[in-house]
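Everything below concerns the one structure shown next.
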Amino acid sequence: MSIVRVALPLPLPQVFDYLAPDATAADVGRCVTVPFGRGERNGLILALGAAADIEPARLKTVRHIQREVPPLPADWLELVDFVARYYHAPIGEVVALALPPGLRRADGVSGEDEDPLLQIAAAGREALCGARRASKALALLQGLAAAGEGPWRRSVVRALEGGEAVGELLRRGWIRVAERVADRVAPRHAAGAQPEPTPEQTQALEAILGAGPGFKPWLVHGVTGSGKTEVYLRLAAHLLAQGRQVLMLVPEIALTPQLERRVAQRFAAAHVVSLHSALADGARSRGFVQALAGEADIVLGTRLAVFAPLPRLGLILVDEEHDASYKQQEGVRYSARDLAVWRARQRGVPVVLGSATPSLETWYHARSERYALQTLNQRALAATLPAVRCIDTRRLRLDEGLSPALQAALGERLARGEQSLVFLNRRGYAPVLSCPSCGWVSRCPHCSANLVVHLADRRLRCHHCGCDGPIPSACPSCGDQDIRPFGRGTQRVEARLAELFPQARVLRVDRDAARTRRQWESVLATIAEGGADILVGTQMMAKGHDFPNLTLVGVIGADAALHAADFRAPERLFQQLMQVGGRAGRGALAGTVLIQTEYPAHPLYQQLARHDFDAFARMALQERRSAGFPPFTHQAMLRADAPALDAAVDFLRHARRLAEECAPEGLRLYDPVPMRLTRLARRERAQLLIEADQRGVLQGFLAGWVALLYRQRTARELRWQLDVDPLEV
DNA sequence: AGCACGCCGACT
DNA sequence: GTCGGCGTGCTC
């Protein structure tokens with residue numbers, strides 16, 4: 001009679017032992033259904049137990065072991081265990097987060113391939129010869145025949161001209177699903193069209209591949225447009241040819257479809273699996289199992305893909321490694337980028353982090369030679385980097401935030417038939433509605449934030465909790481009718497631009513205008529077809545899209561980030577401006593970036609104008625060093641929230657007293673303070689910062705402290721969570 | 001997290 | 001006399 005140790009999805013820092021009459025070592029890593037309390041739960045067998053830590057009489061028996069799916073391998077269990085220990089999260093919650101929800105249900109997953117290999121069938125060849133009347137299906141078939149022998153992934157066929165007819169082709173029997181094994185061996189990694197690499201790309205490739213197998217972290221620092229993706233794809237091709245799997249992480253789903261298409265076309269016959277949270281349960285489970293079974297060649301996905309089991313793993317790629325979306329901001333607050341490096345070390349494979357504006361943490365590692373650095377300075381497509389200039393707005397009268405110089409520049413592009421982008425990181429019409437006579441402001445009833453004026457749908461909306469209401473016609477406090485929106489957001493700038501340039505087509509691109517993926521794609525299509533002259537956009541516009549006809553980027557309202565209390569604000573500003581500036585002039589046309597500022601001499605803007613990331617990073621790291629901020633120190637944040645602020649602060653004071661008793665030498669404990677956005681969705685929040693210069697000191701302390709915290713009995717309404725390596729302090 | 005058990009207010 | 005409030009404690 002065996003005992004199995006089972007991780008269950010509960011916020012408890014423990015595992016549960018069960019009797020399992022027929023369990024063997026081969027069942028470690030398998031999903032199980034177990035009786036729990038008066039119900040049933042699904043969990044994962046982490047290990048076989050020699051003896052239970054409770055009296056044997058209290059042990060219950062496992063209901064069902066899921067044996068249709070291969071067990072999760074030891075290295076995967078090790079990864080999950082590391083995450084639980086490093087982020088001090090309950091192992092069961094980590095497992096729940098890492099496994100696709102469908103898989104945990106232990107009722108089996110269909111192994112059917114949603115993206116099968118297709119080839120032309122005998123009936124299809126007949127159809128090609130016979131004189132048939134033209135149809136969409138025939139056109140697609142002819143297109144395929146012209147493309148060669150195949151086989152092709154279904155997703156590749158779909159992406160072709162007229163690809164919607166792929167289902168019709170299958171129904172008519174003109175194409176068929178290729179036999180798996182036999183067909184896949186030879187043409188499996190046949191690569192699609194490959195552009196010639198630039199000398200810099202070649203150098204990076206030779207360096208990375210020349211280093212051979214084995215763990216080695218790389219930073220590829222490449223300016224926007226220098227062709228980092230081409231480097232990733234060639235590295236991937238190399239590893240695929242050796243029969244290895246490649247894990248490729250990307251920031252968010254907005255960019256995923258394009259990259260997916262590019263990867264699918266490049267590796268037409270390779271098995272590409274994409275994993276992200278927008279995927280339906282079935283598809284996500286299927287992709288996960290294909291990775292686990294070693295069938296997937298490339299796993300492409302957002303942060304959760306770092307948990308894909310990969311038996312033949314040969315390389316990990318992290319695109320835009322500085323992107324904040326790699327850090328989960330709720331529940332288990334893991335950093336997929338950091339875990340990618342840990343996994344690469346664990347598996348003994350290279351890991352490549354890529355960015356035009358690396359995070360200062362990564363940059364510091366590269367400077368101190370813990371990561372090897374490869375630099376791509378040349379733009380692969382356009383001749384030059386955009387010219388960046390500041391517009392000094394100190395003595396200017398701005399028209400809805402727009403300086404005369406920016407207006408003139410916009411007018412010029414318009415006359416030349418080129419596109420412009422006005423970048424403003426604030427959506428809505430105005431950030432607040434206010435009454436000048438009594439001082440009333442539109443406060444959110446649930447948060448310590450103002451309600452934002454959305455004139456487009458005539459609502460006041462909280463950008464933090466999402467609550468909204470109609471715009472009042474008079475001041476709710478004193479009845480004065482003269483209430484006014486103050487400040488400006490994208491909608492207001494959009495409206496003013498439409499007045500200033502009545503002949504221009506002004507298009508707003510923010511989360512309100514592109515809420516769904518479908519809307520977003522239609523916006524992109526409009527821009528690509530030249531259906532817009534002036535774009536007004538938030539940071540959504542900053543990320544990796546090519547707009548060949550865009551030659552001017554105007555930045556307004558950037559100065560706010562210079563004064564922000566968050567020590568990471570300048571880093572984010574620099575990254576954002578560099579990224580958004582990279583949108584200008586990617587085609588044959590040269591680009592210009594105009595930054596409106598009251599601090600034209602500020603070093604950050606000067607470094608930006610020289611495209612000098614090194615200088616910026618040097619300065620920023622120097623500031624971090626002297627102020628004692630990461631990466632020169634290591635932080636953890638304990639956060640608490642409750643309906644009343646006192647309850648949250650009192651808990652943190654208590655936690656601090658507990659910490660003082662077990663604090664090692666070199667640990668710094670700060671005072672509990674209310675968070676910047678103290679009230680969020682009717683809950684008051686406070687936080688307690690803990691710091692140490694040595695990661696080991698911090699980690700050693702946290703382990704004991706968190707165990708103590710779990711033992712505290714706290715009021716039901718109080719919740720707390722720990723954030724290791726927090727991004728927001 | 002659920003879901004029990006457990007002692008005190010306004011109701012058929 | 002009960003229905004039900006959510007405080008406290010447990011789940012292998």
Side-chain angles (χ1 to χ4, degrees), chain A residues 1-25 27-66 71-72 77 80-81 83-84 87-106 277 281 328-334 638-644 646-648 650-651 654-655 658 680-685 706-723:
Chain A
M1 180 64 83
S2 317
I3 292 170
V4 288
R5 292 195 177 297
V6 177
L8 294 173
L10 302 165
L12 301 172
Q14 62 195 261
V15 292
F16 293 84
D17 293 336
Y18 285 88
L19 296 171
D22 60 341
T24 67
D27 292 314
V28 171
R30 286 202 152 108
C31 292
V32 278
T33 306
V34 294
F36 186 80
R38 62 197 328 280
E40 224 172 55
R41 292 291 175 121
N42 295 311
L44 186 77
I45 301 178
L46 293 180
L48 295 183
D53 17 313
I54 58 167
E55 309 122 63
R58 287 173 58 206
L59 289 179
K60 293 183 182 172
T61 304
V62 159
R63 289 254 158 84
H64 172 71
I65 301 180
Q66 158 68 286
L72 276 314
L77 296 174
V80 159
D81 179 63
V83 173
Y87 293 102
H88 303 277
I91 182 79
E93 293 206 316
V94 178
V95 167
L97 160 109
L99 280 182
L103 205 62
R104 275 187 294 127
R105 275 199 296 277
S277 54
D281 269 13
Q328 175 125 61
Q329 291 294 10
E330 58 185 48
V332 184
R333 294 171 164 254
Y334 67 97
L638 183 66
R639 299 201 180 88
D641 63 273
D646 281 352
D650 286 347
F651 169 78
H654 177 61
L658 291 172
L680 177 70
R682 295 171 191 256
R683 296 185 67 85
E684 305 275 352
R685 312 175 311 150
V706 171
L708 272 178
L709 291 178
Y710 271 112
R711 260 180 266 140
Q712 306 305 307
R713 12 205 48 100
T714 56
R716 262 303 202 274
E717 74 241 23
L718 183 118
R719 288 196 295 252
W720 61 268
Q721 62 281 156
L722 187 73
D723 189 351

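A note on names: the letters A, B, ... follow the listed sequences, proteins ahead of strands, and every chain is numbered from 1.
Residues forming a salt bridge (charged side-chain N to carboxylate O under 4.0 Å, His left out) with R719(A) (at least two apart in sequence, or on another chain): D641(A). For L658(A), the side chain to side chain contact (heavy atoms under 4.5 Å, CB included) partners are H654(A), W705(A), L708(A), L709(A), Q712(A), not counting sequence neighbours. By the side-chain hydrogen bond (donor to acceptor under 3.5 Å, both in side chains) test, Q329(A) pairs with R333(A), sequence neighbours left out. Looking at residues two or more places apart in sequence or on another chain, you find a salt bridge (charged side-chain N to carboxylate O under 4.0 Å, His left out) between R30(A) and D27(A). With sequence neighbours excluded, no residue forms a ring pair (Phe, Tyr, Trp, His ring centres under 6.0 Å) with Y18(A). By the side-chain hydrogen bond (donor to acceptor under 3.5 Å, both in side chains) test, D650(A) is found to be paired with R653(A), residues two or more places apart in sequence or in another chain being considered.
Of all nucleotides in DNA chain C having an atom under 4.0 Å from a heavy atom of chain A, the first and last in 5' to 3' order are dT8(C) to dC12(C). On the nucleic acid side, DNA chain B has its first and last nucleotide under 4.0 Å of a heavy atom of chain A at dA1(B) to dA4(B), going 5' to 3'.
The stretch residues 2-21 of chain A touches DNA chain B through L10(A), P11(A), L12(A), each having a heavy atom under 4.0 angstrom from the strand. Within residues 709-719 of chain A, the residues approaching DNA chain C are R713(A), R716(A), by heavy-atom distance under 4.0 Å.
The side chain to side chain donor-acceptor pair (under 3.5 Å) analysis of residues 3-15 of chain A, with sequence neighbours excluded, yields the pairs R5(A)-D17(A), R5(A)-D53(A).
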Which atom pairs, one a donor and one an acceptor, fall under 3.5 Å between side chains of residues 55-63 of chain A and the rest of the protein, sequence neighbours left out?
from: K60(A); atom 1: NZ; to: G37(A); atom 2: O; distance (Å): 3.1
from: R63(A); atom 1: NH1; to: E40(A); atom 2: OE2; distance (Å): 2.7

